[in-house]
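Labels below follow one simple rule: chain letters A, B, ... track the order of the sequence lines, proteins then strands, and each chain is numbered from 1. Computed from heavy atoms alone, side chains included, the values below leave out hydrogens, waters and symmetry copies.
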Number of protein chains: 4
Amino acid sequence: MSEIEKNPRQRIIETALRLFYQQGFRATGINQIIAESNVAKATFYNHFPSKEQLCVAYLQARHTIWMDWLKKSVDSRPTPLARLLGIFDFIRDWMSNCDFRGCAFLNIASEIPCLDSDIRNEVVRHKDSLKGYISRLLAEVEDSGTTPLDTDRQQIVDMLYVLVEGAIVASQNYGQIWPIDAARQAADRLVKH
Amino acid sequence: MSEIEKNPRQRIIETALRLFYQQGFRATGINQIIAESNVAKATFYNHFPSKEQLCVAYLQARHTIWMDWLKKSVDSRPTPLARLLGIFDFIRDWMSNCDFRGCAFLNIASEIPCLDSDIRNEVVRHKDSLKGYISRLLAEVEDSGTTPLDTDRQQIVDMLYVLVEGAIVASQNYGQIWPIDAARQAADRLVKH
Amino acid sequence: MSEIEKNPRQRIIETALRLFYQQGFRATGINQIIAESNVAKATFYNHFPSKEQLCVAYLQARHTIWMDWLKKSVDSRPTPLARLLGIFDFIRDWMSNCDFRGCAFLNIASEIPCLDSDIRNEVVRHKDSLKGYISRLLAEVEDSGTTPLDTDRQQIVDMLYVLVEGAIVASQNYGQIWPIDAARQAADRLVKH
Amino acid sequence: MSEIEKNPRQRIIETALRLFYQQGFRATGINQIIAESNVAKATFYNHFPSKEQLCVAYLQARHTIWMDWLKKSVDSRPTPLARLLGIFDFIRDWMSNCDFRGCAFLNIASEIPCLDSDIRNEVVRHKDSLKGYISRLLAEVEDSGTTPLDTDRQQIVDMLYVLVEGAIVASQNYGQIWPIDAARQAADRLVKH
DNA sequence: CATGAATGAGGGTTCATTCAT
DNA sequence: GATGAATGAACCCTCATTCAT
């Protein structure tokens, strides 16, 4: 099925997935989006009331895609601990393949200072979802282990989540992999001790 | 000394420090900068060849200011360990006071995907400087301790740096303090064990 | 009968009566009209070939409504003279209740400079009708009076009509009632002397 | 001096005087204005912060021009009464020459329903000025007359003002001269009796 | 060295209308 | 007869930058 045969909304979303991520929100004009989506300007505005709302739809689509990537990668690991740390292995692969562009959500959030906006809400929802996923992976580790964690599990989750964020942005900043490895090692220690 | 008496370059830098940080790079127009700097448009371009170069100067100024804040806060702590962990205490205070706007450098980097640009280089320099500072604080902890760290010191530095970045961006995302506390606790553990 | 049960054409006309009058012709978009009429876009164009033709239908509907208002008000007065001057009393009430938005027909005419258009023709027809009504009311005054007017009746009609128009637009401009009172007083004098 | 040599602001105002009057406010796009003014788009916005503010400037320029026309015409009449009624003679000439486009101020007001806007304020100022002028002309008639008016002068002024407005809009509506003559005749009677 | 005027490309959005179904 | 999708031109406005003075 050629690109042109898909419905306009889908074409717009796919273009947004590419351009918003690679160029940023403000750096990407509506004109470029409609041009590369092969869509008339009014058609765009029939589907999305504003650029901001397209951004919300973009983040929702990105959330699904990225979480699928993550889960698929994590599920391929053999043990609960490998799956938990597999988050960092996935981030390693993903960051290597995205030219170290980093997290689509944090990048957008950097451009939108206002905390209570539809866009920022979508970012928080994504991170909540990620944190929930970390929590479930950690629970599996606990269940499988002989010795229980000596710390409140939620505290460990928070630490792991912070390590994930740090790994992403530090790797993005340097355009290098080592921050992810450092985060993985730190996570490994925090979980084991 | 009234604002108007300062030299134009300084007024522009101060305006940029405010606007670029609060609004973002692309969201801040040259017109707003020159208007709030009480400077003629051509005067601006006499001092800065482009908006991008102003951004570089902005980041350089911001680097000095932020590192001074950090060091002043850290220096007030009594022990080497308190100073090392004091980084997170500082971040707590700072983020509470900046409306959770987060790191000026990472925010700009999110808007500028191209890795090899003057702006991104300035961001890396800042983070290198921060990492070096962490390294020195950790060295003081080591020197004062009875038992040496059982890990390569640079590895710990990397972990701590990643925790710092994670603390900042996670706190920025949620508009809340808990990620900083989680990072501090993780750092505490990593250093002690 | 609920709004939604009326036929589409009627719903469109009623929406146009509201929006064209309150906002103006050009300021009111087709999209707003179809949205507030709960009508599909193509349904609209099935009933009206163009926005301009909707405007014609709007003016025709407005003519009926406004003349009914006028006549109902005038008919409630006891004497021929009271009825003639009752035009101004009606305008007083009407302008007070329409937020001084003024004459729907003159407002549209202001937006459509071209004299020979369907829209402008509709405006002229309305004003001819109004002038004819004034003429009939004046005839009743003449018939009831002992002394005939010393001037050609049509001349008086023209003067009264001009006073009516002046009362409306001056009151609209100022958002005040006094021009209508002034016009009434002038009409009173012109008829009596 | 060729058109192109005048300064941009003046060229823009002159274009606005032509286009806003002939086409209307909303019907005239900024693009047409800048094209016919031979001005770059940004140059336009350097001189006028918005289309609305250009409209204000347009009305101010129009006020000066129109009042000058009026006064020059009135001043050429021999007696106080001829000068007072000369207002209608001027309107006759003016309306014949403007293709019955009518009053620039009332036309704009028809497009801008909101009473408390910069534009509507400018309209009111113009009409206040016109009414003041009528008042002064009437005062001269009174001073020269043997018998004083048996009515409060301000009441007569209001009537005359309403007649002027009615003459303009009725003539505009019909594209004919007779409403102006009717208004003149009514004014004549009101002043004499 | 400092200035205000001017630029043209592009920003996001809405317009009245037509089309296949 | 009724519909929702799609159109492209036009809307008002802002952008970073350059120029003559």
- prompt: Is it true that the side chains of Gln23(B) and Thr28(B) contain a donor and an acceptor less than 3.5 Å apart?
  reply: yes
query: Mapping Ala27(B) and Arg9(A) onto DNA chain F by nearest heavy atom, which one lands closer to the 5' end?
result: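 Nearest-nucleotide comparison on DNA chain F picks Arg9(A).
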Just how far, in rounded Å, is [atom2] of [N] from [atom1] of [X]?
{"X": "Gln10(D)", "N": "dA5(E)", "atom1": "CD", "atom2": "P", "result": "15 Å"}
{"X": "Phe44(A)", "N": "dC15(E)", "atom1": "CZ", "atom2": "P", "result": "16 Å"}
{"X": "Gln32(B)", "N": "dA16(F)", "atom1": "CD", "atom2": "P", "result": "10 Å"}
{"X": "Ile33(C)", "N": "dT14(E)", "atom1": "CD1", "atom2": "P", "result": "16 Å"}
{"X": "Ile30(D)", "N": "dG8(E)", "atom1": "CD1", "atom2": "P", "result": "17 Å"}
{"X": "Asn7(D)", "N": "dA6(E)", "atom1": "CG", "atom2": "P", "result": "7 Å"}
{"X": "Asn31(D)", "N": "dG10(E)", "atom1": "CG", "atom2": "C1'", "result": "13 Å"}
{"X": "Ile34(A)", "N": "dA5(F)", "atom1": "CD1", "atom2": "C1'", "result": "16 Å"}

More than 12 heavy atoms from other groups under 6.0 Å of CG on Asp99(D): no
message: So for atom CZ, which belongs to Arg125(B), do other residues, nucleotides or ligands contribute more than 12 heavy atoms lying within a distance under 6.0 Å?
response: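 Count not over threshold, so no.
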message: Both Thr28(C) and Ala40(B) contact DNA chain E. Taking the nearest nucleotide for each, which residue is further toward the 5' end?
response: Ala40(B)
May I ask you to test the [X]-[Y] pair for a side-chain heavy-atom distance under 4.5 Å?
{"X": "Phe20(C)", "Y": "Leu59(C)", "result": "no"}
{"X": "Arg26(D)", "Y": "Phe25(C)", "result": "no"}
{"X": "Cys114(A)", "Y": "Arg120(A)", "result": "no"}
{"X": "Tyr58(A)", "Y": "Ile108(A)", "result": "yes"}

query: Between which residue ranges does DNA chain F form stems of three or more consecutive Watson-Crick or G-U wobble pairs, both distances under 3.5 Å?
result: E:2-21 with F:2-21
Which atoms of nucleotides 19-21 of chain E (N or O only) lie under 3.5 Å from a protein N or O atom, and what are those distances?
none

For Cys98(B) against Tyr21(B), the heavy-atom pair lying closest together: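 Answer, listing the atom of Cys98(B) first, then Tyr21(B): SG-OH, 3.3 Å.
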message: Out of the candidates Asn46(A), Ile12(A), Thr15(A), Ile33(A), only one should pair with Val39(A) under the side-chain contact (heavy atoms from CB on, under 4.5 Å) rule; please name it.
response: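 It is Ile12(A); the other options fail the test.
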query: When rounded to the nearest 0.5 angstrom, what distance separates CG in Leu17(C) from CD1 in Ile65(C)?
result: 4.5 Å
query: Hey, does the side-chain of Lys41(A) have a donor or acceptor N/O within less than 3.5 Å of a partner on the base of dT7(F)?
result: no
- prompt: So does Glu36(A) pair up with Arg18(A), basic N to acidic O under 4.0 Å?
  reply: yes
- prompt: Are Thr43(C) and dT3(F) close enough that a side-chain N or O sits under 4.0 Å from OP1 or OP2?
  reply: yes
task: Answer yes or no: is there a donor N or O on one side and an acceptor on the other, between the side chain of Glu111(C) and the main chain of Glu111(D), under 3.5 Å?
output: no
query: So which of residues 45-55 of chain D are in contact with DNA chain F, with a heavy-atom cut-off of under 4.0 Å?
result: Tyr45(D), Ser50(D), Lys51(D)
